[in-house]
There are 2 protein chains.
Amino acid sequence: MTETFVRPGPRRRDAEATRAAILEAAKKQFALVGYDCTLRDIAGEAGADVALVKRYFGGKEALFVEALKASFRTNDLADWDRTTFAVDIATMLAGTPHDDEARTHRFQFLLRAATSQATAPFLNVLVQERLLAPMRNWLGGTDADARARVLAGVYIGFLVERLIRGEALEGREREVFIERVSAVFSTLIADPDDGKS
Amino acid sequence: MTETFVRPGPRRRDAEATRAAILEAAKKQFALVGYDCTLRDIAGEAGADVALVKRYFGGKEALFVEALKASFRTNDLADWDRTTFAVDIATMLAGTPHDDEARTHRFQFLLRAATSQATAPFLNVLVQERLLAPMRNWLGGTDADARARVLAGVYIGFLVERLIRGEALEGREREVFIERVSAVFSTLIADPDDGKS
DNA sequence: AAGCTATGTCAACGGCGATTGACTTAGCGT
DNA sequence: ACGCTAAGTCAATCGCCGTTGACATAGCTT
């Protein structure tokens with residue numbers, strides 16, 4: 001057993017890993033609790049000390065921005081299937097936020113940032129690059145820009161609705177919901193010029 | 001001039017008016033800044049003293065709940081015209097949040113409450129009563145419940161989109177946006193069973 | 001006019017959390 | 001083996017904010 005385990009006990013003397021752990025904890029806490037979570041909680045969850053937050057990130061606000069950026073790295077729509085997209089999304093939206101923790105965390109993060117004057121302008125750019133641009137490419141066709149806006153808006157709206165609702169839809173209400181929501185999405189992703197001369 | 005002006009100088013010795021002023025300031029601050037605004041700011045804006053917040057509302061949390069309730073009293077869809085509804089909404093959504101401060105404040109309040117674990121369950125009830133129920137009545141027709149949910153989700157989504165966008169759409173992008181958004185709303189408010197035997 | 005009460009003002013307290021700097025020590029280079 | 005540096009720990013500080021109780025006074029009642 002000369003093999004060195006990377007994490008046998010509490011991680012010590014590994015700046016990179018510590019920094020990463022703090023960032024990960026920050027992403028989670030900022031999403032779940034909001035900006036007014038304590039650095040002590042974040043550091044605690046990361047198994048680090050508060051002072052290290054300052055050393056590695058400079059301060060709370062800088063950590064927030066960094067965590068916000070990091071939360072947008074994943075690009076989940078890349079592998080969406082065009083043929084089942086509408087129904088898949090609608091079904092997901094009929095469920096609960098808990099079925100989908102990772103996305104929900106990122107989304108709450110986005111909402112918090114969107115409703116904070118300090119981060120809103122910054123978020124605008126981020127949404128452009130990380131959400132609208134990929135969507136525009138994925139959509140293709142004419143006026144892809146404007147259509148991406150519409151699609152993004154509707155998508156966000158249903159995520160909020162699901163968040164507020166808190167629980168899954170059931171029975172006939174669920175069926176009707178899925179049917180109509182998928183109809184909306186189907187319309188939105190269709191190229192309006194398809195079939196024209 | 002025996003006429004008594006209600007507010008000649010700083011309002012004094014009028015409990016009701018003071019309470020109302022504090023509540024009004026709270027609605028604004030909670031919406032703009034979030035729960036972590038200071039009571040001193042709220043009181044300051046209301047021209048009152050912090051201690052009065054305790055006297056009239058009991059504490060910060062109680063004030064928050066009261067302000068949240070009060071922010072949901074207005075029911076703006078009551079007098080929407082069914083024939084122009086879709087285009088009116090779409091046009092409004094193509095503009096900026098600043099064109100529409102009152103609605104924007106209420107909406108930001110909703111978002112904040114939705115992203116806070118403490119208030120989310122409470123908000124759920126409120127949204128049911130103040131948003132979904134009126135929408136359901138206004139919509140009418142079959143499956144009005146599920147259709148109201150869908151309409152609410154889409155509506156919320158576009159409000160978020162506008163919030164993030166921050167500026168008005170212009171030129172061709174604006175036209176396409178209004179056209180497609182109003183199409184979505186038109187579909188949503190239509191009774192699916194209309195025209196059936 | 002006197003006095004009572006509701007209304008408003010003020011200052012202090014207590015806790016909390018971000019920040020900061022001094023201290024400890026692991027891990028590596030020499 | 002020795003020490004230097006970077007990584008981690010600890011405790012103190014400072015400011016902020018909600019809360020609280022003591023105090024001042026306007027305005028009504030009698």
Side-chain angles (χ1 to χ4, degrees), chain A residues 2-30 32-68 112 116 118-119, chain B residues 2-30 32-68 112 116 118-119:
Chain A
T2 57
E3 198 175 313
T4 59
F5 270 87
V6 183
R7 316 189 174 184
R11 179 178 39 249
R12 290 168 68 94
R13 308 290 148 142
D14 185 344
E16 204 170 329
T18 302
R19 202 191 124 100
I22 291 174
L23 188 58
E24 204 56 35
K27 281 161 64 179
K28 188 172 167 188
Q29 290 293 316
F30 280 138
L32 286 177
V33 185
Y35 186 80
D36 38 328
C37 62
T38 73
L39 287 188
R40 285 172 174 81
D41 280 349
I42 292 178
E45 184 172 328
D49 188 276
V50 201
L52 295 180
V53 173
K54 177 196 166 68
R55 182 170 298 169
Y56 291 133
F57 297 91
K60 189 176 187 180
E61 190 166 338
L63 176 61
F64 182 81
V65 172
E66 189 101 352
L68 182 62
R112 290 187 193 288
S116 145
T119 54
Chain B
T2 57
E3 200 176 312
T4 58
F5 270 87
V6 183
R7 316 189 173 186
R11 178 177 41 249
R12 289 167 69 95
R13 307 290 147 142
D14 185 344
E16 204 171 327
T18 302
R19 202 192 123 98
I22 292 174
L23 189 58
E24 204 56 36
K27 282 161 63 179
K28 187 172 166 189
Q29 290 294 315
F30 280 138
L32 289 177
V33 185
Y35 187 79
D36 38 327
C37 61
T38 73
L39 286 187
R40 286 174 170 82
D41 279 350
I42 292 178
E45 184 171 329
D49 187 275
V50 200
L52 294 179
V53 173
K54 176 195 166 69
R55 182 170 296 168
Y56 291 133
F57 296 92
K60 190 178 188 180
E61 192 165 329
L63 176 61
F64 181 81
V65 173
E66 187 107 8
L68 183 60
R112 290 190 186 290
S116 147
T119 55

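Residue numbers begin at 1 in each chain, while the letters A, B, ... track the order of the sequences. Small disclaimer: the values here were computed from a predicted structure and weren't measured. Side chains included, hydrogens not; waters and symmetry mates left out as well; all remaining heavy atoms used.
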*Asks:* For A/Glu45, what residues pass the salt bridge (Lys or Arg N to Asp or Glu O under 4.0 Å) criterion, not counting sequence neighbours?
*Replies:* A/Lys28
*Asks:* Could you state the atom-to-atom distance from CZ of A/Phe57 to P of D/dG8 in whole Å?
*Replies:* 12 Å
*Asks:* Considering residues at least two apart in sequence or located in another chain, which fulfil the salt bridge (Lys or Arg N to Asp or Glu O under 4.0 Å) criterion with B/Lys54?
*Replies:* none
*Asks:* Just how far, in rounded Å, is C1' of C/dC16 from NZ of B/Lys60?
*Replies:* 13 Å
*Asks:* Where along residues 35-42 of chain A does a heavy atom come under 4.0 Å from DNA chain C, residue by residue in number order?
*Replies:* A/Cys37, A/Thr38, A/Leu39, A/Arg40
*Asks:* Got a second to check how far A/Phe57's CZ is from A/Leu23's CG, nearest 0.5 Å?
*Replies:* 5.0 Å
*Asks:* Side chains of B/Leu63 and B/Leu39: does their closest heavy-atom pair fall under 4.5 Å?
*Replies:* yes
*Asks:* What residues, two or more places apart in sequence or in another chain, satisfy side-chain contact (heavy atoms from CB on, under 4.5 Å) together with A/Asp36?
*Replies:* B/Asp36
*Asks:* Rounded to the Å, how far apart are A/Leu52 CG and D/dG8 C1'?
*Replies:* 6 Å
*Asks:* Is the shortest distance from a Lys or Arg side-chain nitrogen in B/Arg19 or B/Glu16 to a carboxylate oxygen in the other one below 4.0 Å?
*Replies:* no
*Asks:* Run the side-chain contact (heavy atoms from CB on, under 4.5 Å) test against A/Arg40 and tell me which residues pass, sequence neighbours left out.
*Replies:* A/Thr38, A/Val50
*Asks:* Can you tell me the distance, in whole Å, between the CZ atom of A/Phe64 and the P atom of C/dA18?
*Replies:* 14 Å
*Asks:* Mind calculating the distance between CD1 (B/Ile22) and C1' (C/dG8) to the nearest angstrom?
*Replies:* 10 Å
*Asks:* Where along nucleotides 20-30 of chain D does protein come under 4.0 Å, by heavy atom, of base (B) or sugar-phosphate alone (S), with - for untouched nucleotides?
*Replies:* BB--BBBS---
*Asks:* How many whole angstroms separate atom CZ of A/Arg19 from atom C1' of D/dA6?
*Replies:* 16 Å
*Asks:* Considering residues at least two apart in sequence or located in another chain, which fulfil the ring-ring contact (aromatic ring centres under 6.0 Å, His included) criterion with B/Phe64?
*Replies:* B/Phe30, B/Tyr35, B/Phe109
